[in-house]
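Every number for a ligand or one of its atoms is a count from 1 in the order of the listing. Both backbone and side-chain heavy atoms feed into the values below; hydrogens, waters and symmetry mates do not.
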Amino acid sequence: MLLSAEQIAARVREMGAEIDHDYPDGNLHLVCILKGACFFLADLARALHRDAYVDFMGISSYGKGKSTSGEVKVTKDLDISVEGADLLIVEDIVDSGVTLNYLVHLLEQRKPRSVRIAALLDKPERRQRPVKVAYTGFQIPDEFVVGYGLDFAEHYRNLRDVCILGND
Ligand code: IMP
Ligand code: MG
């Protein structure tokens, strides 16, 4: 186990307070990146004491391990227009940064008022593309982790804790 459910809950409450403080007005849209971030989104949204839209985006990265083209495919787009809105992208983990680097550029073209990122986990050692993360839950070492939304081949998402996946 790397992070217990209790540690995660406490940190998500702190992040909610920070976000509340930073966005005193405006239309805040929480943009959840499916599927990994959905547990984090559910807790973070309820840690806020302000109104916020919740919307979902499906993303798949091309050729991970094969190429670093940075090409990303949108498999499900947002439902709600983002023009003039404050977008907070809610992601489970920032790894190479390819996905979020692409996504920030894509969403900025739609004329939101602002775009920021909230990521539960960050592996800074793995970065290949620059990504500015406004709200980070935990910086973690370069280990493959599962639980609290994070999967290995679609398994282990519903673990309450974040755990390092063993080799066997
Ligand atoms: P990036 O484009 O390399 O930053 O990709 C980030 C995505 O890779 C995340 O949204 C996760 O879906 C996946 N990912 C990266 N590291 C892990 C991990 O340790 N466990 C599970 N998924 C991971
Ligand atoms: Mg993901």
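Expressed to the nearest 0.5 Å, how far NZ of Lys111 lies from OG of Ser81 amounts to 10.5 Å.
Proximity of Ile59 to Lys73: side-chain heavy atoms (C-beta onward) are nowhere separated by under 4.5 Å.
The shell of residues lying under 4.0 angstrom from ligand 1, judged by heavy atoms, includes Asp151. Put simply, part of Glu143 is less than 4.0 Å from ligand 1, judged by heavy atoms. Contact analysis puts Leu150 in contact with ligand 1, with a non-hydrogen atom separation below 4.0 angstrom. Under a 4.0 angstrom heavy-atom cut-off, Lys123 registers as being in contact with ligand 1. For the ligand labelled ligand 1, residue Gly36 lies outside the 4.0 Å heavy-atom shell.
Contact atoms of ligand 1 toward Glu91: 10 (O) (distance under 4.0 Å to a heavy atom of the residue). Distances below 4.0 Å separate heavy atoms of Thr99 from the following atoms of ligand 1: 1 (P), 2 (O), 5 (O).
Annotation: Leu100 places no N or O atom under 3.5 Å from an N or O atom of ligand 1; distance criterion only.
Between the side chains of Asp20 and His49, at least one donor N or O lies within less than 3.5 Å of an accepting N or O. Between the side chains of Ser114 and Asp86, at least one donor-acceptor pair of N or O atoms lies under 3.5 Å.
Within 6.0 Å of OH on Tyr156 lie no more than 12 heavy atoms contributed by other residues, nucleotides or ligands.
Identified under the salt bridge (charged side-chain N to carboxylate O under 4.0 Å, His left out) test for residues 2-13, with sequence neighbours left out: Arg11-Glu14.
Neither the backbone nor the side chain of Arg126 has any atom closer than 4.0 Å to an atom of ligand 1 (non-hydrogen atoms only).
Under a cutoff of 6.0 Å and an axis angle of 45°, Arg157 and Phe152 do not form a cation-pi pair.
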